[in-house]
Amino acid sequence: MRATQFLIATQKETPSDAVVISHQLMLRAGMIRKLSSGLYCWLPLGLKVLRKVEAIVRDEMNKAGAQEVLMPIVQPAELWEESGRWEQYGAELTRFNDRHTNSFCLGPTHEEVITDLVRNELKSYKQLPANFYQVQTKFRDEVRPRFGVMRSREFIMKDGYSFHIDQDSLQATYDVMHETYCAIFNRIGLNFRPVEADTGSIGGSASHEFHVLAESGEDDIAFSDSSDFAANIEMAEALAPAQSDEAIIGTSKTIATPSQKTIEEVAAFCDSPTDKTLKTLIVLGEKNDESEEQPLVALVVRGDHTLNELKAEKLPEISSPLTFASEERIQKELGVSIGSIGPINLPITTIADRSAVAARNFICGANQDGFHIQNSNWETNAQFSSIADIRNVENGDPSPCGNGQLHIKRGIEVGHIFQLGDKYSKAMGATVLSENGKETVMTMGCYGIGITRVVAAAIEQNNDDAGIIWPSAIAPFQVAIVPINMHKSDAVADTCQALHDQLSAAGVDVLMLDEPKARLGSMLADVELIGIPHRIVVGDRGLANNEIEYKGRRDEDSQMLNKDEIVDLLMQKI
RNA sequence: CGGGGCGUAGCGCAGUCUGGUAGCGCACCACACUGGGGGUGUGGUGGUCGUAGGUUCAAAUCCUGCCGUCCCGACCA
């Protein structure tokens with residue numbers, strides 16, 4: 001490819017609204033342009049990368065026995081009413097009417113459509129298992145689109161759905177998909193971890209996320225330093241610590257804390273570490289019957305710990321989504337303001353975290369404004385109704401797998417696989433006849449990869465001051481040919497053209513910077529910004545010695561290579 | 001949804017407080033010089049100052065509404 005025939009839209013300056021490095025570099029390298037919030041145009045350079053990611057995904061999916069289909073972006077409301085998600089899905093689902101006033105939505109995902117398709121096409125257990133996938137545009141009207149294509153409203157996803165006669169079959173395909181995802185991300189060249197995950201709004205049972213480790217990630221991943229265990233922090237279990245062996249101080253002491261409300265303030269005031277305090281959070285509970293108001297429930301965690309909202313809202317006593325009680329209601333029903341609450345004679349259900357239960361001689365609110373109690377103990381003055389794991393794990397916590405300590409890092413979710421079970425197939429009547437002629441609801445799995453997000457994630461993980469450093473497998477071009485004074489030297493022009501033709505014929509994606517009077521400095525800066533893995537510079541000085549300069553994108557220095565051997569050497573490196 | 005910032009040329013910004021001819025750098029076009037890391041000079045192209053209304057002799061500038069966009073916030077006991 002010649003640069004004069006290909007839009008190189010690089011920019012020297014970073015657009016002011018780009019915050020994360022991948023977004024900045026994608027704009028500067030001329031890969032994408034914003035059309036509107038969360039909507040992006042892909043320029044030729046960006047699309048080239050996107051297509052390479054897609055090709056790898058397709059190749060591995062096909063190898064794993066999945067079949068490609070293509071379903072519409074626009075989906076009829078009826079299907080979503082059948083599954084129940086027309087009601088459940090919030091404002092993220094964009095709905096509209098056609099000219100006949102029929103309701104439709106823009107597909108944020110395709111479970112309904114594939115289930116409809118499969119229930120009509122598959123009739124026998126003999127056709128199972130079946131695994132279908134597509135690479136298709138999705139639209140989710142995100143509350144807050146951000147970070148460029150990392151979290152955009154319109155994006156491209158590879159979504160796959162498998163159908164089974166029983167759980168064993170689903171598990172087998174799920175395992176294959178797990179391996180396939182590892183193969184895909186390895187091939188792309190990402191540093192990633194599969195992690196145990198929550199199933200979220202898609203529903204179902206078992207689930208793994210695939211995270212690219214990067215500081216800009218929006219998720220916290222906890223993983224063991226001495227085993228394969230890894231989980232989204234939402235899911236990572238905090239093990240019960242050993243009961244504190246501190247001797248119980250028999251007499252608690254009420255102390256005035258007139259202006260100390262937060263844990264930090266109280267702990268500092270008492271000259272005590274925050275892990276010697278307990279905090280009590282008041283949330284709304286599940287109603288016992290329809291008529292009454294949602295009861296208040298107290299959640300107690302150690303002062304240095306943070307509440308895991310997902311764990312909390314899964315408890316039967318707690319209303320989902322987790323909602324904190326209003327200051328007014330707390331004042332009215334408990335007669336105390338936020339900042340002085342403690343698990344002392346509370347007239348409501350009180351759920352204590354495992355670590356809170358193990359504490360001795362702790363400081364907690366006195367349920368009287370401006371007072372806390374020192375040397376409180378569950379054995380003496382404090383009470384809980386039940387114990388649960390409701391906190392987030394922290395760096396250094398023991399791993400729930402039993403081996404090693406947990407470390408927490410940020411991750412970008414690029415893939416997610418679920419065992420859906422019969423959530424959709426049952427609701428939508430997707431059945432086949434089993435071996436004994438009985439109508440049987442199919443069991444489903446679903447498997448997603450954020451294609452557009454993978455591109456951004458790859459950049460987050462591979463960049464330097466000069467720009468992007470593409471992993472070889474998804475680089476828009478493998479080799480850049482940079483001529484020096486091509487317009488003055490026939491030798492340079494001819495050599496570059498010959499190298500370009502040879503490499504192209506060998507199937508190498510090569511970009512020749514053929515702008516006649518381009519400055520060397522700006523060409524090199526572009527090649528580095530765009531992130532092309534291999535670069536050769538052709539000039540008269542080198543050619544006089546039958547040499548051509550080579551530099552890998554990550555190399556410190558360039559080296560001179562024999563002109564006659566350079567094509568072979570490049571082919572080896574690619 | 002709440003809070004905050006910003007909207008002036010493709011990009012980055014100044015000008016707004018204190019109303020008076022719309023500017024700078026990059027990019028782009030032409031010419032010349034230069035020629036191994038975003039070079040220099042000369043001359044150019046390009047803007048209904050987000051939008052609608054108001055105040056005024058006069059509005060990018062002051063006032064009001066709207067729109068767009070970005071950031072922060074769902075850990076407070």
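Lettering follows sequence order; numbering is per chain, from 1. These numbers were taken from a predicted model, which means no experiment stands behind them.
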Quiz item: cation-pi between A:Arg95 and A:Trp86, 6.0 Å / 45°: yes
N/O donor-acceptor pair, side chain A:Arg28 with base B:rG12, under 3.5 angstrom: no
Side chain to side chain contact (heavy atoms under 4.5 Å, CB included) involving A:Ser252 - partner list, sequence neighbours excluded: A:Ile373, A:Asn381
A:Ala525 side chain, from C-beta outward: closest of B:rC70, B:rA77, B:rG38: B:rG38
Please enumerate all protein N or O atoms sitting under 3.5 Å from an N or O of nucleotides 31-35 of chain B, with distances to 0.1 Å.
unit_1: B:rU34; atom_1: O2; unit_2: A:Arg519; atom_2: NH1; d: 2.5
unit_1: B:rG35; atom_1: O2'; unit_2: A:Asn485; atom_2: ND2; d: 2.8
unit_1: B:rG35; atom_1: N7; unit_2: A:Lys488; atom_2: NZ; d: 3.0
unit_1: B:rG35; atom_1: O6; unit_2: A:His487; atom_2: NE2; d: 3.3
unit_1: B:rG35; atom_1: N1; unit_2: A:His487; atom_2: NE2; d: 3.0
unit_1: B:rG35; atom_1: N3; unit_2: A:Asn485; atom_2: OD1; d: 3.3

Nucleotide nearest A:Ile330 when distance is taken to its side chain, options B:rU69, B:rG38, B:rA77: B:rA77
Touch class at under 4.0 angstrom, heavy-atom based, for A:Thr14 against every strand present: sugar-phosphate
Watson-Crick or G-U wobble mate for B:rG38, both contacts under 3.5 Å: none
Pairwise P distance, B:rC13 and B:rC6 [rounded to whole Å]: 12 Å
Inter-nucleotide P distance (B:rU34, B:rC70), Å rounded: 48 Å
Residue pair A:Arg453 / A:Phe147, side-chain heavy-atom distance below 4.5 Å: no
Sugar-phosphate only, base, or nothing, as touched by A:Ser337 at under 4.0 Å among non-hydrogen atoms: nothing
Got a list of protein N/O to nucleotides 73-75 of chain B N/O distances below 3.5 Å?
unit_1: B:rC75; atom_1: OP1; unit_2: A:Glu309; atom_2: OE2; d: 2.9
unit_1: B:rC75; atom_1: OP2; unit_2: A:Glu309; atom_2: OE2; d: 2.6
unit_1: B:rC75; atom_1: O2; unit_2: A:Lys279; atom_2: NZ; d: 3.3
unit_1: B:rC75; atom_1: N3; unit_2: A:Leu307; atom_2: N; d: 3.0
unit_1: B:rC75; atom_1: N4; unit_2: A:Thr306; atom_2: OG1; d: 3.3
unit_1: B:rC75; atom_1: N4; unit_2: A:Leu307; atom_2: N; d: 2.9
unit_1: B:rC75; atom_1: N4; unit_2: A:Leu307; atom_2: O; d: 2.0
unit_1: B:rC75; atom_1: N4; unit_2: A:Asn392; atom_2: ND2; d: 3.3

Nucleic acid footprint by protein, nucleotides 22-29 of chain B - heavy-atom cut-off 4.0 Å, B for base, S for sugar-phosphate alone: ---BS---
Partner residues of A:Glu92 under the side chain to side chain contact (heavy atoms under 4.5 Å, CB included) criterion, sequence neighbours left out: A:Tyr89, A:Arg140, A:Glu142
Sugar-phosphate only, base, or nothing, as touched by A:Ser16 at under 4.0 Å among non-hydrogen atoms: sugar-phosphate
Any residue meeting side chain to side chain contact (heavy atoms under 4.5 Å, CB included) with A:Ile21, in chain and number order, not counting sequence neighbours: A:Gln24, A:Leu25, A:Glu460, A:Asn463
For the student: nearest non-hydrogen atoms of A:Ile233 and A:Asn308, plus distance: O-ND2, 3.2 Å
Ring-face cation contact, A:Phe223 with A:Lys409, 6.0 Å cut, 45° max: no
Touch class at under 4.0 angstrom, heavy-atom based, for A:Val266 against every strand present: nothing
